[in-house]
Amino acid sequence: MTTIIIEKIGRAALIRLNRPEALNALNRQVAKELADAAQSFDRDPDIGCIVITGSEKAFAAGADIKEMQPASHREMYGQDWFADWDRFAATRLPTIAAVNGYALGGGCELAMMCDIIVAGETARFGQPEIKLGVMPGMGGTQRLTRLIGKSKAMELCLTGRLMDAQEAERCGLVARIFATAELEAKALEMAQTIAGFSRTIAMMTKETISRAEEVSTVEGVRFERRMFYSMFGLEDQREGMAAYIEKRKPEFPRD
Ligand code: CAA
């Protein structure tokens, strides 16, 4: 039994979390399968963007509480329980989280590991771990704070309150909101747009924007400049700019 369903649609990969009995709670098998799938798409030249989604009721209702509840500190620390999430977060292709329903705890954290979050109108986001006597453990304290600021991250993590899609868009967590029934199609359309460009340039753009979260602005701008200059060593730049000048559609290398 696998916990995810994978489809290739055009140049996009759609990964659907598939544990309906547990509102897509993220156990260790999900983490391993998602990380393995994302890594294999990184190596697949036919795929240029990955969409992760859940069901209409839940993107994912958190890390699997039933799996974690009996774990000891020795097991958590010794096995580095969440290590596979680092592998997923290191995906090199652009990733889109298409969130309908609940994105709570680890579910919200998985969405934030993705590069773009799009939400259905009824999506709900939150970090309610404090109610379970713990705190976010899959990157939420760091990524949420960077994305929406300290005061709001503190408020959400310390009260466990959920926020709706509109509030999530206002505070910068969500890029776009779509009608619930259209969410998947809209996310795939966005993915096909991204995947239609140069795969290498899209990866380099992702890597460079991601730097903004890690280094100072001065160092980030330096990194951007070096990456930009290096693009002039690629056929992608010559073809993209020539196509613009010649008023035709570019034919990017399919690497
Ligand atoms: N882990 C394990 N099972 C879960 C789960 C989770 N995170 N979330 C839901 N489920 C299970 C429920 O236990 C239930 O199973 P049973 O039928 O066997 O009882 C099934 O999914 C359906 O859920 P509900 O009956 O609760 O559905 P609902 O519509 O009444 O409520 C909900 C929905 C408000 C999301 C509720 O399920 C809920 O509060 N879930 C837990 C949310 C949460 O606390 N998430 C944080 C987890 S800890 C974490 O993520 C740590 C971290 O940072 C890494």
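All ligand and atom numbering here is 1-based and tracks the order in the structure.
Counting only non-hydrogen atoms, the option in Ala63, Ala22, Gly140 that gets closest to atom 7 (N) of ligand 1 is Ala63. Atom 45 (N) of ligand 1 has its nearest heavy-atom neighbour, among Ala61, Pro20, Gly126, Ala103, in Ala61. Counting only non-hydrogen atoms, the option in Lys66, Lys131, Glu21 that gets closest to atom 18 (O) of ligand 1 is Lys66. Considering Leu132, Asn24, Leu23 only, the shortest heavy-atom separation from atom 27 (O) of ligand 1 involves Leu23.
Ligand 1 has a nitrogen or oxygen under 3.5 angstrom from a nitrogen or oxygen of Ile65. Between Tyr102 and ligand 1, no N or O atom pair is found at a separation short of 3.5 Å. Among the atoms of Gln127, none of the N or O lies under 3.5 angstrom from an N or O of ligand 1. Residue Pro136 places no N or O, backbone or side chain, under 3.5 Å from any N or O of ligand 1.
Under the 4.0 Å criterion applied to side-chain N and carboxylate O atoms, Lys8 and Asp44 are assigned as salt-bridge partners. With respect to the salt-bridge test (charged N to carboxylate O, under 4.0 angstrom), the residues Arg19 and Glu21 qualify.
Ligand-side atoms of ligand 1 in range of Glu109: 52 (C), 53 (O), 54 (C), range being under 4.0 angstrom from any heavy atom. Against a heavy-atom cut-off of under 4.0 Å, Lys57 is close to the following atoms of ligand 1: 27 (O), 28 (P), 29 (O). Which parts of ligand 1 touch Phe82 is read off a 4.0 Å heavy-atom cut-off, strictly below it: atoms 54 (C).
By the definition of a contact as any protein heavy atom under 4.0 Å away, atom 48 (S) of ligand 1 is in contact. Put simply, atom 16 (P) of ligand 1 has protein non-hydrogen atoms near it, under 4.0 Å away. In this structure, atom 36 (C) of ligand 1 has no protein heavy-atom contact shorter than 4.0 Å.
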Sequence neighbours left out, cut at 3.5 Å: what donor-acceptor pairs do the side chains of residues 30-43 make with other protein atoms?
| residue | atom | partner | partner atom | Å |
| --- | --- | --- | --- | --- |
| Lys32 | NZ | Asp36 | OD2 | 2.6 |
| Glu33 | OE1 | Thr3 | N | 2.7 |
| Glu33 | OE1 | Thr3 | OG1 | 2.7 |
| Glu33 | OE2 | Gln29 | NE2 | 2.7 |
| Asp36 | OD1 | Arg87 | NH1 | 3.0 |
| Asp36 | OD1 | Arg87 | NH2 | 2.9 |
| Gln39 | OE1 | Arg87 | NH1 | 2.8 |
| Ser40 | OG | Ala37 | O | 3.0 |
| Asp42 | OD1 | Arg92 | N | 3.2 |
| Asp42 | OD1 | Leu93 | N | 2.9 |
| Asp42 | OD2 | Arg92 | N | 2.9 |

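Listed for the Glu67 side chain is no donor-acceptor partner under 3.5 Å among the backbone atoms of Asp64. Judged by distance alone, with hydrogens and angles left aside, the side-chain atoms of Thr193 form a donor-acceptor pair with the main-chain N or O of Glu189 at under 3.5 Å.
Atom 51 (C) of ligand 1 has Glu129 CG, 3.5 Å as its closest protein atom, hydrogens excluded (heavy atom only). Protein heavy atom closest to atom 38 (C) of ligand 1, with residue, atom name and distance, is Leu104 CD1, 4.9 Å.
When the side chain to side chain contact (heavy atoms under 4.5 Å, CB included) test is applied to Ile5, the partners found at least two apart in sequence or on another chain are Arg16, Asn18.
A cation-pi arrangement, defined by a distance under 6.0 Å to the six-membered ring centre and an angle within 45 degrees of its axis, is absent between Arg124 and Tyr102.
Using a 30° and 60° split on the angle between ring planes, His73 and Tyr77 fall in the parallel class, below 30°.
For the residue pair Glu219 / Ser216, no side-chain donor-acceptor distance below 3.5 Å is found, with atom types taken as modelled.
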Asp86 vs Asp84, test: side chain to side chain contact (heavy atoms under 4.5 Å, CB included). Steps then yes/no. CA-CA 5 Å; Asp86 296 338; Asp84 276 324; over 6 Å; no
